[in-house]
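Please read the structure below before turning to the comments.
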Amino acid sequence: MANLEPRYDHNAIEGKMYELWEKSGYFNPDNLPVSRVKGQGSRRRRGSPRVVGVKSFTIIMPPPNANGSLHVGHAVFVTLQDILIRFWRMRGRKTLWLPGADHAGFETQVVYDKKLDKEGRNRYQIPREELWREIWNFTQESKKVMERQLRKLGASCDWSREKFTLDQNIVREAQSTFARMHEDGLIYRGERIVNWCPKHQTSLSDIENQFREQVDSFYYLKYGPFTIGTARPETKFGDKYVVMHPSDERYKKYKNGEKINLEWINGPITATVVKDKVVDMKFGTGVMTITPWHDAADFEIAERHGLQKEQIIDFNGRLLPIAGEFAGMKISEARPKIIEKLKAKDLLVKVDEEYLHNVRVCYKCGTPIEPQIRKQWFVRMTAPPHAQGQKSKVKSQKSGKALRDLGIEAVKSGKIKFFPKNAEKIYFHWLREIRDWNISRQIVWGIRIPAWFCLGCEETKINPKIKSRWFIVRHGETDYNKQNRFQGAIDIPLNETGIAQARESAKKLRNKKIDLIITSPLIRARQTAEIIAKECGAEIIVENDIRERSFGEWDGMEHDEVKKKYSAESFSRHLDPSFRVPGGASWEEITTRMWNAFQKHHAIHRHKNVVIVGHGGVARTLQNKIKGIPIIESKLAGNAEIWELELADPCPKCGGHFYEQDPDVFDTWFSSGQWPFLTLGFQEAKSSSMSKVKSQKLKVKSDFDMFYPTDVMETGHDILFFWVARMIMLGLYRTGKIPFKTVYLHGLVRDKDRQKMSKSKGNVIDPLGVAEIYGTDALRMALVVGNTPGSDIVISEEKIRGYRNFATKIWNIARFVLMNKPESGVMGHRSGNIVPTTEDRKNLKQLAKIKFEITKHIEKFEFHLASEKVYHYIWHTFADKIIEKYKPRLRHVDIQESFAPSGRQAKKNLADQAAAYQTLETILIGSLKMLHPFMPFITEEIYGKLHSDGLLMVENW
RNA sequence: GCGUCCUUAGCUCAGUGGUAGAGCGUCACAUUGACAUUGUGAAGGUCGCAGGUUCGAUCCCUGCAGGACGCACCA
């Protein structure tokens, strides 16, 4: 039995210890012994028999965002969850803690945008696939860092089951939830008002906004016979409805629908009176004009009354042509100028400069949200589909209940319990007021929405079977391109840039399993085709009918030359469908020629992946024919630019084969909201017996059966709505079962002055840094003692240091006990013959009582009480009282030497010494067990010194 | 506006229907001990204010004051 080193060196122990645990395989519930019977194997020495197996205990780890390193908030969840996991593992449950990482769509996009910004780049310049790849690599790196950090914090999670939100099967299943919900009418695509962040160029959900209180000017404007109030004069250009409460006596004489001619910012308009009871008669003048495109409330009024909606501000936050002379200006620039003009026109009645109101801002960058109307996907939260007058196709949901009601009932019925309990009230309050959830995000980083639109008629198909892909590629650059010359029928080869461009495109097409390349006969196209063919190994067909349009006399001329020689006017007509340059062809003729050729090949090669190498004219023609875009509005493809078309079964509405996928991605929370069942490999029960047999063979299937519903969802209260509520609703919707039985919410970590931690304040505690200095065990204790559910956690370096001292204390207790172990010979001849004294029995009884209390505390999620109790017992009872009291008994040997008692007395002393030691060792082991979930490293290390062949981690609690 | 919570020692926070606890800090003494420190002890609180219920309230109820947070379409 080795004695302990004089000091506990956490840095020397922790890494090795984690490795030992991980190697043992016990993080994986499948490796936990099914029954650990006394005496079985050398590992077990003490403890009672027990049977493990049927009952599981599961926590799905809230997946940290794979875009940075862990902060102290992560350390909180690791500590609390690891306490539960280690506790229940020791109590014999089949315990699974499933780790993961979140791609964190928008958040990561924001982080990456900042990185790009530093490098002088921005995401709008980078092709989608390239940007995706970059961010992918970035998140994979972050993920590795994060995994290392979780290990450092002692997380005893099952790495063999680790998941990433972008794992293929996770993505597939998340998308299939979307498909099911769409079928069930719980997801719809609508032209609705959304929260648009002009900086991030994406819409956001209602909870991804914050309200910022600010003082602005509030303007009273003369609007015909009325005075209206507004804080946003720049939106007022299109206001042609004036709204008032139907029972407002002041405006009794105006009838609903009445037209009034009046002078407005940019001239005379006709306004229509609308009566609606949302108007607050007490606010301002009780009359308002509305801007349905840029205000959610106004939008709803417009919907109710069937009013027109007009966009005033573009997606970059600049005024549109409707603003007349102000068009193109940013809001901040335009506002004072508009006011000036209103003043000049005598339309400004008065200004209240002290108007205090709440402005909705982007929660990431603080930019004011600009409500905009966009066609997006929404999750229907409230009414079941049939109540919306939509044909119900509900199959999977027996109940057909609204998601919101599923969420409310699960908690109301007590199936899901919250700690702290009052979180339930907050949860209900939010759900009662919930609105439909916009899940479309206009960013690259995320799970692509599995919706395709028919290019012919915009018909939507969810998850269609894409049978093949066609890639329309323009040739690379020629000298004529560079010189801005019409090239038409003139046969010019690629220049060096053109060759490089063609190679770039070829690289992108390399992995697309290209079967066939069809090219125009002109040399610039053929060269491009050959470069692609070399890379993709596909056969080339030359198709004469997709050669470029001839511009007749213009061919070979520079654009400016044409303008000079003919006229700017005729030059500008070169996109008119019927216009023809003498000796050339019109767009109409070209379109027919190319489309016929295209259709001919389509009929034959539809099921192949095809590259069509042509000219600007091909791209224009196909945009016109496939998407219905007039030639004049069609976009000229760049040199060697690729346009991807996806081919599926013919559209039931228009017969078209061509589809394009929605470019948007899901709100991250749509996929993380499915996390519990996605990570456990949920698969819908298939009706055919074939697939049943198949799925039974899959380990993932049994994971779902074994571990779902999970036991505890432990996370921060700040994501109650973002995450917890969505998991409950989506879990119930998809699996018919609650995703977890208990929700435990922890608070925000603050410094010792109750300040929020932030980098700018410089009060951030780096969990890994302090773990390095004081040990992970000390950090964990500091995070759990005094941490009541739901309320904020106060932590300071002093507190952590205090628990480092505690670790030292335990180490010394163990050192002391081991130091006093009687020599093996003495013990040996006495073993089995030790008679505990009354004092021993009293102390052991007390240990049992404390252990009972701690068990109850953990079961009731009272970690702050359990940890404090174990701390006090070990330090102030075991060390200060019991050990002090036992010292004389352990020193009988010394007494024997100095006073040479009789043989009988010596024997009696030795027996008492052995009993004293035995008691202390029992209390020590009991203490180590109780403390293990909180301070796993030091307890395991000491336990190892006592029992070199067993792991405390799987000892019987 | 709606909702949730908090107010207890100098600081940060636990806690209980029966005249209050911890950590840190302060003070005194002891200790080189198993202890890169620790032990023993002390000082320090009409448990936000005012009512009510109760034999008894810091705890339950009502009101008020202050604070924190969440939600929200007042133009």
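These figures come from a predicted structure and were not determined experimentally.
Rounded to a whole angstrom, the distance from the P atom of B:C5 to that of B:A14 is 15 Å.
As judged by a 4.0 angstrom heavy-atom cut-off over every strand, A:E868 is placed among residues touching the sugar-phosphate backbone only. Here A:N805 lies in heavy-atom contact (under 4.0 Å) with sugar-phosphate atoms only. Counting any heavy atom pair closer than 4.0 Å across all strands shown, A:H429 reaches a base atom. As judged by a 4.0 angstrom heavy-atom cut-off over every strand, A:V785 is placed among residues making no nucleic acid contact. Within the 4.0 angstrom heavy-atom criterion, no nucleotide atom of any strand lies near A:T291. Nucleic acid contact for A:G802: none, since no nucleic acid atom lies under 4.0 Å from a heavy atom of the residue. Across all strands, A:R432 comes closer than 4.0 Å to no nucleic acid atom at all (heavy-atom distances). Here A:R435 lies in heavy-atom contact (under 4.0 Å) with a base. Residue contacts for A:A814: at a heavy-atom cut-off of 4.0 Å it reaches no nucleic acid atom on any strand shown.
Looking at A:K809, its side chain comes within 3.5 Å of the base of B:C35 through a donor and an acceptor atom. Remark: the A:K887 side chain and the B:A34 base include a donor-acceptor N/O pair separated by less than 3.5 Å. No hydrogens or angles were tested; on distance alone, nothing pairs the side chain of A:E862 with the base of B:A14 as donor and acceptor under 3.5 Å.
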For RNA chain B, just give me the dot-bracket, please: Watson-Crick or G-U, both distances below 3.5 Å, ( ) intra-strand, [ ] crossing earlier pairs, | paired with another strand, . unpaired. (((((((..((((....[..)))).(((((.......))))).....(((((..]....))))))))))))....
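Scanning residues 208-232 of chain A for heavy-atom distances under 4.0 Å to RNA chain B yields A:F211, A:G229.
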